[in-house]
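Note that these values count all heavy atoms, side chains included, but never hydrogens, waters or copies made by symmetry. So you know, we letter chains A, B, ... as the sequences are listed, proteins then strands, and number each from 1.
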Protein chains: 2
Amino acid sequence: MAILDGNLEKVSEFTIRRLSNYFRILSELEKRGVVTVSSASLAELGAITSAQVRKDLSYFGSFGTRGLGYKVVELKEAIVAILGLDRRWTLALFGAGFLGHALFFHDGFREDGFHFIHVFDVDDAKVGTKWRDVAITHQRHAAESLRREPVDIGVIATPPSAARDVVDLVVRGGVKGVLNFAPTQVQVPEGVWLRNVNLAVALESLSFYLSQ
Amino acid sequence: MAILDGNLEKVSEFTIRRLSNYFRILSELEKRGVVTVSSASLAELGAITSAQVRKDLSYFGSFGTRGLGYKVVELKEAIVAILGLDRRWTLALFGAGFLGHALFFHDGFREDGFHFIHVFDVDDAKVGTKWRDVAITHQRHAAESLRREPVDIGVIATPPSAARDVVDLVVRGGVKGVLNFAPTQVQVPEGVWLRNVNLAVALESLSFYLSQ
DNA sequence: TAGATTGTTAATCGATTAACAATC
DNA sequence: TAGATTGTTAATCGATTAACAATC
């Protein structure tokens, strides 16, 4: 299957986020035993338009059959391949607080192939304790740990004041992706991908509309 | 100050999310004792353009002084008022799992004026225990609790399979906003605002770009 | 074949950016 | 006054949607 017809440049983050959504919808349909699905019903389930669905998929190839629609399992597997979920990804977590804890134990990540193999914190009370089979390590040993066992992605769940230093640390450790939950602007060098997730933004958006 | 010149209709969710970001940047500048800031430096701190900053603010009024820029505290307070952060908001949490725990104890929310006054779960082992001064209540008593003490916003941190029912429950309880962390499509009636936050999306976006 | 639905092109819509007059 | 920077309009860019030929 020819994924990516050379026009990857034109694929926007919006499309990627929707693919991620199609993946979840298709997984659900598969679980329910649904065999085929049209762009129209996929669109309805995702609260978008059928043109959007077809356009999104068209960046990566032709996955459907005219007159019939898409085979659920086939399309799901195509999207899994596109999103890179057909392999194992290793993660390092920085910050073993409440949020770090929730991320580490979030089953969805493991099911998607994302595995935390390091957890770092600066709190000596936490260092040495174990989360599943991962021992919490003091952040001062992070560089060393990352040299011994490198990871693909660094996940930042520290207080905002620490985020910048931790990002530098994990980038020097060789990660190619950073997922930042700290509500502060951080910088990564060329060639490293950064995504920011800010839990307050959605809540503040709600309070804006509720105030009107 | 004339916030909202009647063109609120034209304000996009993109603008609101950036306001939320300006708010954090301005808070940081205030803490550092910075008195005035230009759209250019605000833009640099937020990794966008100065035209974007001025355009975003222009939907709500004129907050700056030509030739000088914006007073940090004044602009911050204007944005606080726009986002509705100048009042107390009450929240009900559904799902006392890892994620619910992280959300409940997340200091940033309380600092912004968002207060969880109810926590519901279906696990009898959790029911009766307390988080700070909030007793975890069985979900079957949620309707009753919400009647006694209504809230502004329902926060859904249940497994996806439970999300739909819980949303119906909380909407019948009179909330005007729903913040859904469950990775499943939910529906709310006209007049209720919904925001979805999916922790997997950002990670899957990273794996997509890292795969290329 | 007739009906259904894809894949894609062209049209539309909306968000971002550039430019500059207004003005401190 | 001269320099700086806002607020706003017009131009550009990019994302979404409509439409339809291709085709199962």
Quiz item: Taking W193(B) for the side chain and S205(A) for the main chain, is one N or O donor matched with an acceptor at less than 3.5 Å?
Solution: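 No; zero donor-acceptor contacts below 3.5 Å.
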- Query: Side chain of D121(A), backbone of D123(A): donor and acceptor closer than 3.5 Å?
  - Reply: yes
* Asked: Is there a donor in the side chain of R54(B) and an acceptor in the side chain of S58(B), or the other way round, less than 3.5 Å apart?
  -> no
Side-chain donor-acceptor distances from residues 28-36 of chain B under 3.5 Å, at least two apart:
{"residue": "E30(B)", "atom": "OE1", "partner": "K76(B)", "partner atom": "NZ", "Å": "2.8"}

Report which part of the nucleic acid S39(A) touches: base, sugar-phosphate, or nothing (heavy-atom distance under 4.0 Å, all strands).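 Contact class for S39(A): sugar-phosphate only.
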- Mind telling me whether H101(B) and F105(B) have parallel, tilted or perpendicular rings, with 30° and 60° as the class edges?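 The rings of F105(B) and H101(B) sit tilted, inter-plane angle from 30° to 60°.
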* Whether F114(A) and F109(A) hold their rings parallel, tilted or perpendicular, with breakpoints at 30° and 60° -> perpendicular
Give the rounded distance in Å between these two atoms: [atom1] of [X] and [atom2] of [N].
X: E44(B); N: dT5(D); atom1: CD; atom2: C1'; result: 16 Å
X: E74(A); N: dT6(C); atom1: CD; atom2: P; result: 14 Å
X: F60(B); N: dT8(D); atom1: CZ; atom2: C1'; result: 16 Å

Item to check | 4.5 Å side-chain heavy-atom contact, R88(A) and T90(A) | outcome: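 Heavy-atom side-chain distance check passes, below 4.5 Å.
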Could you tell me whether the phosphate oxygens of dA4(C), OP1 or OP2, come under 4.0 Å of any side-chain nitrogen or oxygen in Y70(A)?
no
Smallest heavy-atom separation, F116(B) atom then L103(B) atom, equals CE1-O, 3.4 Å
DNA chain D in dot-bracket form (Watson-Crick or G-U pairs under 3.5 Å, [ ] crossing, | inter-strand) is ..||||||||||||||||||||||
Contact string for nucleotides 15-24 of chain C, one letter per nucleotide 5' to 3', B = base within protein heavy-atom range under 4.0 Å, S = sugar-phosphate only, - = neither, reads SSBBB--BBB
